[in-house]
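Below you'll find the structure, written out as structure tokens, and then a few comments.
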Amino acid sequence: MSQTFAPREEFRAQAVAREQLYRDAQADRLGFWAQQARELLTWEREFTEILNWENAPVASWFGDGQLNACYNAVDRHVAAGNGDRIALYFEAEDGTSEEYSYARMQTEVSQIANTLASLGVRTGDRVAIYLPMGPIAVQTMLACARIGATHSVVFGGFSAEALHSRITDAGARVVVTSDGQFRNGKALPLKRAVDEALAHGDTPVDHVLVYQRTGMEVQWDEERDVWWHDVVPQASTSHTPAFVPAEHPLFILYTSGTTGKPKGVVHTTGGYLTQAAFTHKNVFDLHPESDVYWCTADVGWITGHSYVTYGPMVNGATQVIYEGTPSTPHKGRWWEIIEKYGVTIFYTAPTAIRTCMKWGEEIPAKYDLSSLRVLGSVGEPINPEAWLWFHRVIGAERCPIVDTWWQTETGAILISPLPGITATKPGSAQRALPGVSLAIYDNLGDEITNEDPGLLVITEPWPSMLRGIWGDSNRFKETYWSRFPGQYFAGDGAKYDEDGDIWLLGRVDDVMNVSGHRLSTAEIESVLVEHDDVAEAAVVGAKDDTTGQAVVAFVILREGADGDRDALVDELREMVRHDIGPIAKPRDILIVPELPKTRSGKIMRRLLRDLAEHRDIGDVTTLADSSVMELIKGIDAR
Ligand code: WT7
């Protein structure tokens with residue numbers, strides 16, 4: 001039996017209403033979602049149709065309704081008399097801070113929208129956003145939504161090459177960036193990567209709008225580049241939002257898949273906002289008039305889209321956003337921020353919790369964390385040890401922890417306990433949320449109801465589901481809908497325990513999860529084999545105490561490649577950093593004489609993972625040449 005933690009008294013009032021959500025959704029799933037869409041959003045034109053699944057697997061939710069995402073996230077709160085409520089407390093890395101009320105957001109987002117329009121951006125165009133975490137990034141996303149332009153945020157840690165492929169794939173007309181960003185007390189360039197990306201010459205980009213964050217020197221193209229401070233503050237503060245159909249694409253967000261090329265996951269407006277707002281309100285027990293919410297994710301990831309920009313703002317929440325790293329200038333920075341703003345709801349990732357555990361509990365103990373009420377975790381399965389530490393040291397055994405399972409593709413949380421209802425259980429994400437239908441299947445597609453491990457499948461369409469992969473409908477169908485025809489294959493292993501709670505077991509495909517970030521083995525392999533000295537490469541995700549998984553690469557050299565091996569390994573790491581970004585840099589690179597392959601020539605990653613995790617090698621009988629493993633075993637990682 002796993003240990004459980006009973007729901008606490010103070011959530012009882014909400015618990016009754018939340019129990020009802022499960023029953024309502026059970027009784028009439030589509031009616032339940034329609035009711036949420038009406039209650040949580042303001043529609044310019046009411047919808048009459050709830051779900052249209054005739055074009056499966058492309059869903060249409062609330063298809064004949066019209067609305068604007070930015071209006072829902074900003075204007076209507078001002079109209080309701082909440083203009084003075086703080087939307088964002090911005091904490092910069094250097095300790096300076098600034099407050100943004102909903103009224104201020106409306107004014108400034110309108111100015112950005114007018115600026116983008118003057119640069120030629122129209123409803124339906126794509127805009128790439130390559131900005132540091134901060135209010136400017138949130139406002140720029142909302143400004144795009146305001147004019148009905150589809151944004152594609154590229155995380156500031158991605159390289160010029162990665163940025164280039166995302167800009168061209170999405171067909172962005174404008175890029176919004178900054179001169180640089182602060183990270184660990186240093187100013188790092190961002191615009192330079194945009195220049196490098198656009199130097200390829202094959203992008204549809206007409207203009208680059210550049211916000212000055214660090215004051216560092218930048219190159220300038222008079223025709224193309226526009227300083228933010230020359231145009232935005234001068235722009236009109238009034239702008240009428242463009243009301244768009246519910247299925248209008250709100251954003252594209254690229255994520256790694258099993259092949260080399262990242263997938264542009266497409267989310268639309270009405271269904272996405274409904275489920276982002278619903279989950280944000282109920283999973284975190286949000287009371288917008290009194291809570292101070294903080295999600296530590298960057299807007300470059302889906303968590304920053306759904307649980308910084310859209311969910312909280314649609315709900316009229318007050319939130320903290322922080323620019324920097326948890327250890328700048330000291331390792332108590334996060335806890336200091338919680339104390340400073342009286343944060344009540346705190347949402348972060350297991351990798352960060354494990355890092356803080358390593359630093360020692362005497363650090364958070366120095367701060368007053370008594371404002372906290374609810375804690376959340378996302379990105380990977382949280383190991384019970386980290387869960388218990390989070391619960392005891394940060395939550396003082398008082399705050400329920402919601403372990404939230406979801407994906408870039410699902411748009412919103414699908415599996416999680418609800419505070420006040422679910423007796424929480426360290427390590428388990430527990431239950432499907434109201435309105436979500438899922439199952440665990442075996443390889444043949446038969447449903448598993450006992451405690452055997454299987455594959456997680458979402459059996460019915462949900463409002464915030466992805467509507468496709470930008471420009472590649474075949475890949476959309478193949479990746480998610482072909483394994484079990486008509487049902488969504490998530491790519492995660494899962495099992496039930498004896499209480500019927502769900503435990504996530506990690507990816508079952510060639511996708512790695514490093515610090516809660518998704519990386520593709522194939523994408524890194526294709527960078528490595530570009531090196532003249534490399535004949536073949538295989539990448540695996542090996543267990544890592546802090547980052548969950550770490551990238552480990554095995555490479556075979558070409559005949560005659562007999563240069564300095566340490567220098568080669570450095571070059572390979574640098575290539576990965578240059579082509580993808582620092583997050584993808586292998587922890588270990590092993591130069592090996594052979595790779596273990598089956599008789600049909602498939603690399604046996606399972607064996608490489610055994611090696612990388614220093615485990616005994618499992619069954620090698622299917623190898624074409626079983627002596628290969630002996631050859632590789634003695635080689636040290638670099
Ligand atoms: C993959 C999705 C969703 C935002 C962050 C990552 C893993 C995510 C959990 C969790 C177990 C989790 C899954 C999933 N994952 N949250 N609470 N428990 N696994 O989004 O980059 O799209 O990655 O992250 O493997 O498939 P993403």
Side-chain angles (χ1 to χ4, degrees), residues 153 155 157-158 251-258 262-267 272 275-276 279-280 283 295-311 347-354 375-384 386-387 390 401-417 422 424-433 436 438 440 453 455-458 464-466 469 479-480 488-495 501-520 523 541 547-549 581 583-584:
V153 183
F155 174 58
F158 277 121
F251 64 85
I252 304 170
L253 185 61
Y254 287 84
T255 188
S256 299
T258 50
K263 304 179 281 201
V265 169
V266 178
H267 282 289
Y272 170 79
Q275 208 162 351
T279 50
H280 182 255
V283 171
C295 165
T296 61
D298 189 284
V299 287
W301 310 105
I302 190 70
T303 308
H305 283 61
S306 304
Y307 299 108
V308 176
T309 301
Y310 292 109
Y347 191 28
T348 192
T351 183
I353 298 166
R354 288 190 298 265
L375 302 176
S377 168
V378 62
E380 58 176 304
I382 179 167
N383 48 310
W387 194 104
F390 200 31
I401 296 181
V402 288
D403 175 4
T404 62
W405 179 90
W406 59 298
Q407 308 178 300
T408 304
E409 293 87 339
T410 69
I413 299 165
L414 299 191
I415 307 176
S416 171
T422 324
T424 51
K425 192 182 275 183
S428 166
Q430 300 189 289
R431 294 175 73 171
L433 289 178
V436 174
L438 54 77
I440 298 175
L455 303 169
L456 180 67
V457 173
I458 318 297
S464 64
M465 67 196 291
L466 78 166
I469 292 176
T479 310
Y480 308 106
Y488 177 85
F489 171 60
D492 276 35
K495 71 181 216 38
D501 282 319
I502 299 166
W503 292 71
L504 279 308
L505 304 173
R507 301 288 307 192
V508 295
D509 52 13
D510 293 331
V511 169
M512 296 172 288
N513 188 328
V514 177
S515 298
H517 298 146
R518 220 153 113 174
L519 295 172
S520 139
E523 198 179 351
T547 59
Q549 284 190 319
I583 45 169

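Everything quoted here is computed from the prediction, not taken from an experiment. Heavy-atom basis, side chains included; hydrogens, waters and symmetry copies ignored. Residues take their numbers from the sequence shown, with the count starting at 1. Order of appearance sets the numbers: ligands from 1, and atoms from 1 within every ligand.
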Considering the options Leu438, Thr410, Asp501, which one meets the side chain to side chain contact (heavy atoms under 4.5 Å, CB included) requirement together with Ile415? Leu438

How long is the span from the CD1 atom in Ile353 to the OG1 atom in Thr296, to the nearest 0.5 Å? 8.5 Å

Supply the atom-to-atom distance Asp510 CG to Ser256 OG, rounded to the nearest 0.5 angstrom. 12.0 Å

Distance-only polar pair, side chains of Ser306 and Tyr272, donor-acceptor under 3.5 Å: yes

Return a yes/no value for Thr255: is any of its N or O atoms, backbone included, closer than 3.5 angstrom to an N or O of ligand 1? no

Examine Gln407 against ligand 1 and note whether any of their N/O atoms are separated by less than 3.5 Å. yes

Starting from [atom], which protein heavy atom do you reach first, and at what distance in Å?
atom	result
atom 3 (C) of ligand 1	Trp406 O, 3.2 Å
atom 5 (C) of ligand 1	Thr303 OG1, 3.7 Å
atom 11 (C) of ligand 1	Pro381 N, 3.1 Å
atom 13 (C) of ligand 1	Asp492 OD2, 2.9 Å
atom 6 (C) of ligand 1	Gly516 O, 4.0 Å
atom 22 (O) of ligand 1	Thr408 OG1, 2.5 Å
atom 21 (O) of ligand 1	Arg518 CD, 3.3 Å

Should Gly379 be listed as contacting ligand 1, given a heavy-atom distance under 4.0 Å as the test? yes

Determine whether the side chain, the backbone, both or neither of Glu380 has a heavy atom under 4.0 Å from any heavy atom of ligand 1. backbone

Contact partition for Asn513 relative to ligand 1, non-hydrogen atoms under 4.0 Å: side chain

Hey, can you tell me if Phe251 and Tyr310 have their rings parallel, tilted or perpendicular (30° and 60° cut-offs)? parallel

Not counting sequence neighbours, which residues clear side chain to side chain contact (heavy atoms under 4.5 Å, CB included) with Ala349? List them please. Thr351

Give the numbers and elements of all ligand 1 atoms closer than 4.0 Å to a heavy atom of [X].
X	result
Ile302	4 (C)
Thr404	9 (C), 10 (C), 16 (N), 17 (N)
Leu504	11 (C)

Given side chain to side chain donor-acceptor pair (under 3.5 Å), test Tyr347 with Thr404 step by step and report yes or no. CA-CA 10 Å; Tyr347 191 28; Thr404 62; 2.6 Å; yes

Begin from the C-alpha positions of Tyr488 and Leu466 and carry the test side-chain contact (heavy atoms from CB on, under 4.5 Å) through to its verdict. CA-CA 11 Å; Tyr488 177 85; Leu466 78 166; 3.9 Å; yes

Work out which heavy atom in Trp503 is nearest to a heavy atom in Lys425; give both atom names and the distance. CZ2-CD, 3.9 Å

Salt bridge or not for Arg507 and Asp492, using N-O below 4.0 Å? yes

